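Working notes, structure below.
Numbering starts at 1 and runs along the sequence shown. Please read all numbers here as calculations on a predicted model, not as lab measurements.
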Amino acid sequence: MSRGGQRASLPPASWRPPQRGIVPEGSGTLVRFLEESGKGSRTYDFTTCEGAPELQQWMARCFSRRVGTARTASKRLKAANGHFDALRGFARVLNQCQPPPTCPQDLTGAHIRAYVESYDDRPKRQHSALKSLRTVLRDDPEIPEEFRQSLFDIRVKKPEEISPGAYEDEDWQAIMTAARRDIRLARERIESGRRLLARWRTGDPDLSRREVVEGGLLDTFDRTADLPRGSRPGDYSTAVQRCGGSRRLMAKLCLTRADAVAFGILLTALTQENFGTIATWPAAHFHPEGARDDERVVLVEESKPRRGPEREHMIAALEHLPDDVAELLGVGAGEPRLMRSPLRLYALLLSLTELPRRHSGEHAAFVSLYLTGSQPGQQADRWGTGVGPHDVLNWARSHGFRAARHATPGNPEVDTVRIRQTALERRQHPVAHSRRTLNDIYLKGSGTVRVDSRKVVGAALRQEVAKARVIQAVPVFTTEFVDWARENLGEAAAQVGLEPRTLKDLLDAQRDTAAVACVDHLASPVAEPGQPCPASFLQCLTCENARALPHHLPIQLAVRDGIRQRRPHLDPPVWQARFLAPLQQLDEIIKHFTDAECEQARADLGADQQSLVDDLLDGRLDLR
């Protein structure tokens, strides 16, 4: 008991936790499974499996150990159904073997190979079937060791699965718009019903005759969770029928299943959590450090059994953007912020489900109108907790969304898994998993991510190819060409594609930069046309406007030597980013000159030129 707290209540001394996978006495082939939540159960009959009775009893024991052991237990009915189907399929294959095994000690590696070969015509199912069988049998103590080894030694190629990936913007907006519309209508409907009920209880004289009748019916429903009944069993009174029927009246004070689906879809998009996890959120939540006055974050406990017993329970933080941050992000006040705030949307959900939670005794956030009950006293069947795949399908059909095979742009299918995938791809932030899981599972297998990745990689490769072509294509005017051009300026200019005046300036060193000459510094590839080039002089070596002449050779040799000398003293990524491309270009330029010309150029290097080289390589010539 904590300081200032209350003593915890304990169950009676005779209480024992329910066993989730037991073999009833005297049967040997029946296993009863009870979900951890206690809401779902099923009895599995292994006499439906083909094979000898002893083999059926062994499968029942194996299944019981798998679903009943505390550490490795399956906690959901869906997982237990998968284990049962795997054993039943394995029994069918064993019964077709000649001779068929009669007990677990007869199992051999040949039986595993026969099981895998039975799925040769279904390669996509082959991998998942073997994986399911391994899950059920991996820890069973009754199987022979040789069979266990064969079970894990056999290899099946996993088919490459590419998910559809994120929704297109048009489809995404269509689904989100439908969900937001339903939430707004539900809020307005319930708030209108509550206002009418409040006016009726205060005796507002301005109420019309119909509003008086409807207000009285809403008061009865709010207090008793039922409406006045008629003379015939199961029928409601005439007043209920005249006010639109029981469904309409009940929906004025509580959510419908369709409304709950809309909340689940929008919360999935905002939080990037699984839709099934959100559907089981409790109404109870926590405020960090007791900050109740200024609610910016609330903590909700959630359960994900697939993560294993040690990591099953998690905390989801629902945040609300501060007003100043929301303004910076361009989020308007009022309604738009509500539909983009997980915390406020969760608070609205709790507010609209107060009546069902009060009468049903449930503690879940998603409690909605489910069944009306055909007889008085059946209020327990009226409320449904959570939302399932069938509810999502009904919601999609009611809004005109098609099935996956008939989906078209602007009229997509509604897939809750794909909604979460879209949210993850848009934000690139892991939720309830690691960064590695996000990259390797959610992003790597997405069709849209692959298409976008190809575009990015293709653009980068084309850019690098273009850059490489520019580097390799810098024209070099040799000594012979320079001597000929001085005597035949017009003909030489036409040959190299330049104006005679431009070529003359190049020959007279009027357009020199640091290590090359520039054809036109007002036509820079990194500046607007007509603006002076602001790039570093080192980038001139990789520019399409660059031209190399013999009088540049002394500086070019000195620059190349300086780049090589600095390599051991710099971090490799820094050296590569700054000097690799210029070095490659200098090597290509210098190849156009003979060894004798290079030796003479080294001898002709002056002190002013060496100082220029040092300033260039040290960055003192760059614009700040």
Legend entry - All side-chain hydrogen bond (donor to acceptor under 3.5 Å, both in side chains) counterparts of T353, not counting sequence neighbours: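 Counting only residues at least two positions away or on another chain, T353 forms a side-chain hydrogen bond (donor to acceptor under 3.5 Å, both in side chains) with R357.
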Legend entry - Those residues that, when tested against R195, pass side-chain hydrogen bond (donor to acceptor under 3.5 Å, both in side chains) (two or more places apart):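 Applying side-chain hydrogen bond (donor to acceptor under 3.5 Å, both in side chains) to R195 gives none.
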Inset, instruction - Start with the C-alpha distance between D169 and R426, add both sets of side-chain angles, then the distance that settles salt bridge (charged side-chain N to carboxylate O under 4.0 Å, His left out), and finish with yes or no. - result: CA-CA 11 Å; D169 289 342; R426 285 170 175 256; 2.8 Å; yes
State, yes or no, whether a side-chain contact exists between [X] and [Y] at a heavy-atom distance under 4.5 Å.
X    : Y    : answer
P356 : L369 : no
R358 : L355 : yes
I154 : R134 : yes
T271 : V431 : no
F275 : V387 : yes
H83  : V67  : yes

Inset, instruction - Identify whether the distance between the nearest side-chain nitrogen and carboxylate oxygen of R201 and D219 falls below 4.0 Å. - result: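 Yes.
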Inset, instruction - Check the side chains of R125 and S128 for a donor-acceptor pair under 3.5 angstrom, ignoring hydrogens and angles. - result: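 Note: S128 and R125 side chains meet the donor-acceptor criterion.
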Inset, instruction - Examine the side chains of D226 and T224 and answer whether a donor and an acceptor come within less than 3.5 Å of each other. - result: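 Side-chain D/A pair, D226 to T224: absent.
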Legend entry - W395 and H399 aromatic ring geometry - parallel, tilted or perpendicular at 30°/60° bounds: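 Because their plane-to-plane angle lies in the 30° to 60° range, the rings of H399 and W395 count as tilted.
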Inset, instruction - Hey, can you tell me if W383 and F221 have their rings parallel, tilted or perpendicular (30° and 60° cut-offs)? - result: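 Taking F221 first and then W383, their aromatic rings sit tilted (interplane angle of 30° to 60°).
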Is there a donor-acceptor contact under 3.5 Å from the side chain of [X] to the main chain of [Y]?
X    : Y    : answer
T177 : A174 : no
R229 : Y236 : no
R257 : S368 : no
D85  : G82  : no
E35  : L77  : yes
R66  : D140 : no
S64  : A60  : no
T29  : Q56  : no

Could you give the distance from [atom1] ([X]) to [atom2] ([Y]), rounded to the nearest 0.5 Å?
X    : Y    : atom1 : atom2 : value
L349 : R344 : CG    : CZ    : 16.0 Å
L217 : D222 : CG    : CG    : 12.5 Å
R427 : T422 : CZ    : OG1   : 11.0 Å
Q272 : E425 : CD    : CD    : 11.0 Å

Inset, instruction - Taking atom CZ of R42 as the centre, report whether more than 12 heavy atoms of other residues, nucleotides or ligands fall under 6.0 Å from it. - result: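 Atom CZ in R42 is packed in, count exceeds 12.
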Legend entry - Sub-6.0 Å ring centroid separation between F46 and F84: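 For F46 and F84, the ring centres are under 6.0 Å apart.
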Inset, instruction - Flag the pair H285 / Y346 as yes when their ring centroid distance falls below 6.0 Å, and as no otherwise. - result: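 Here the rings of Y346 and H285 have centres that are less than 6.0 Å from each other.
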Inset, instruction - Validate the cation-pi geometry between R418 and Y167: distance from NZ or CZ to the six-membered ring centre under 6.0 Å, angle to the ring axis within 45°. - result: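 Relative to the ring axis of Y167, which defines the angle, R418 lies inside both limits.
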Inset, instruction - Apply the side-chain contact (heavy atoms from CB on, under 4.5 Å) test between F366 and each candidate in T280, V261, L267, D259; give the one that qualifies. - result: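 In the set T280, V261, L267, D259, the residue that makes a side-chain contact (heavy atoms from CB on, under 4.5 Å) with F366 is L267.
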